[in-house]
Amino acid sequence: MTLIIGLTGGIASGKSTVSNMFKEMDIQVIDADIEARLAVQKGEQAYKKIIAEFGEDILLDNGEIDRKKLGTIIFNDENKRQTLNGIVHPEVRKRMMTKIEEAKKNQEDIIVLDIPLLFESKLAYLVDKTILVYVDQETQLKRLMARNQLTVEEAKARIHSQMPLAEKIKLADAVIDNNGSIDCTRKQLLQLLSEWGFNKA
């Protein structure tokens, strides 16, 4: 039996750090962000639908989608954002399901689905267990400002555009507290895998 783990967090909570720890243990990680980028590449189904919906103005000279331009359009228009999600999300799910099936055929013990909006997009049904990477608000704000060179206002706006981590705690099967050191985070992850019957230490 393959255990499918859904890994999620919030912006600057350290989800990528935990994702990399899984990779270091030779556990396959299927990253929703990477699949989303691949899904909208030139020639893909979603690419064609996006151009039909948003026009050729959103293309770069090489024919690829100008992500910045498209981002500006959907950031200011909720309906257009929903339209874009309606095009991209089903394609991403399809790509992830293909990879899950492949991993099951290869009899992998564990597969990790790295999905930032796991709960918001109601994708928890795809997985057996969910892990939330958590930090307190103050740490999240400091890390985001430092990482993206943002002002307090800019950082807060990005954090508030997501479901609060405190709410996600109620939905997750397990929580990794990432307020401390990387070593402390790794110990929690190993402990968790051990509880679920996988000794990766």
- Item | Partners meeting side-chain contact (heavy atoms from CB on, under 4.5 Å) with Gln82 (sequence neighbours left out) | Glu78
- Task: Please step through side-chain contact (heavy atoms from CB on, under 4.5 Å) for the pair Tyr125 and Leu123, ending with a clear verdict.
- Result: CA-CA 5 Å; Tyr125 73 92; Leu123 293 176; 4.1 Å; yes
- Of all pairs that satisfy salt bridge (Lys or Arg N to Asp or Glu O under 4.0 Å), the ones with a partner from residues 4-33, not counting sequence neighbours: Lys15-Asp114, Glu24-Arg186
Measure the shortest side-chain to side-chain distance between [X] and [Y] over non-hydrogen atoms and say whether it is less than 4.5 angstrom.
X	Y	answer
Leu171	Met163	yes
Gln45	Ile87	no
Ile131	Thr8	no

- Salt-bridge test for Arg81 and Asp77: reply yes if a basic N is under 4.0 Å from a carboxylate O, no otherwise. no
- Query: Ion pair present between Glu138 and Lys142, side-chain N to carboxylate O less than 4.0 angstrom?
  - Reply: yes
Rounded at 0.5 Å granularity, tell me how far [atom1] in [X] sits from [atom2] in [Y].
X	Y	atom1	atom2	value
Lys187	Ser194	NZ	OG	14.5 Å
Ile5	Ile30	CD1	CD1	12.0 Å
Trp196	Asp173	CH2	CG	6.0 Å
Asp128	Leu3	CG	CG	5.0 Å
Ile58	Leu70	CD1	CG	5.0 Å
Leu113	Ile4	CG	CD1	6.5 Å

- Message: Please check if the number of heavy atoms outside Leu60 that lie under 6.0 Å from its CG is greater than 12.
- Response: yes
I need the minimum non-hydrogen distance between [X] and [Y], along with the two atoms involved.
X	Y	answer
Ala124	Thr130	CB-CG2, 4.4 Å
Lys80	Phe54	O-CZ, 3.7 Å
Gln41	Tyr47	O-CB, 3.2 Å
Ala46	Ala39	CB-O, 3.4 Å

- Query: When you look at Lys49 and Val88, which way does the side-chain contact (heavy atoms from CB on, under 4.5 Å) test go after all the steps?
  - Reply: CA-CA 9 Å; Lys49 288 179 185 170; Val88 178; over 6 Å; no
Side-chain ([X]) to main-chain ([Y]) donor-acceptor, under 3.5 angstrom:
X	Y	answer
Thr2	Ile110	no
Ser121	Leu118	no
Ser13	Val133	yes
Thr185	Asn178	no

- Task: Name all pairs fulfilling the side-chain hydrogen bond (donor to acceptor under 3.5 Å, both in side chains) condition that reach into residues 50-75, sequence neighbours left out, sorted by first residue then second.
- Result: none
Are [X] and [Y] connected in the hydrophobic side-chain network, where two residues link if heavy atoms are under 4.5 Å apart?
X	Y	value
Ile73	Val40	yes
Val29	Leu7	yes
Val18	Ile111	no

Which pairs would a plain distance check flag for residues 89-104, meaning a side-chain donor or acceptor within less than 3.5 Å of a matching protein atom at least two apart in sequence or in another chain?
from	atom 1	to	atom 2	distance (Å)
Arg95	NE	Glu35	OE1	3.0
Thr98	OG1	Lys94	O	3.0
Lys99	NZ	Glu35	OE2	2.8

- Give me the other members of the hydrophobic cluster that Val175 sits in, counting Ile, Leu, Val, Met, Phe, Trp and Tyr linked by side-chain heavy atoms under 4.5 Å, directly or via other members. Leu132, Tyr134, Val135, Leu165, Ile169
- Tracing side-chain links under 4.5 Å among I, L, V, M, F, W and Y, which residues wind up in one group with Ile11? Leu141, Leu144, Met145, Leu150, Val152, Ile159
- Message: For a side-chain contact (heavy atoms from CB on, under 4.5 Å) check, start with the C-alpha distance between Gln28 and Asn106, then their side-chain angles and the critical distance, and finish with the verdict.
- Response: CA-CA 11 Å; Gln28 185 179 353; Asn106 295 336; 5.8 Å; no
- Please report the C-alpha distance between Lys48 and Glu44 in whole Å, then the side-chain angles of each, then the deciding distance to 0.1 Å, and finally whether the side-chain contact (heavy atoms from CB on, under 4.5 Å) criterion is met. CA-CA 7 Å; Lys48 293 170 188 166; Glu44 294 287 336; over 6 Å; no
- Message: Ignoring hydrogens and geometry beyond distance, is a side-chain donor-acceptor pair present between Asp136 and Thr139 at under 3.5 Å?
- Response: yes
- Side chains of Asp177 and Asn179: donor-acceptor distance under 3.5 Å anywhere? yes
- When Thr17 is tested against each of Ile176, Leu189, Ile182 for side-chain contact (heavy atoms from CB on, under 4.5 Å), which residue passes? Ile182
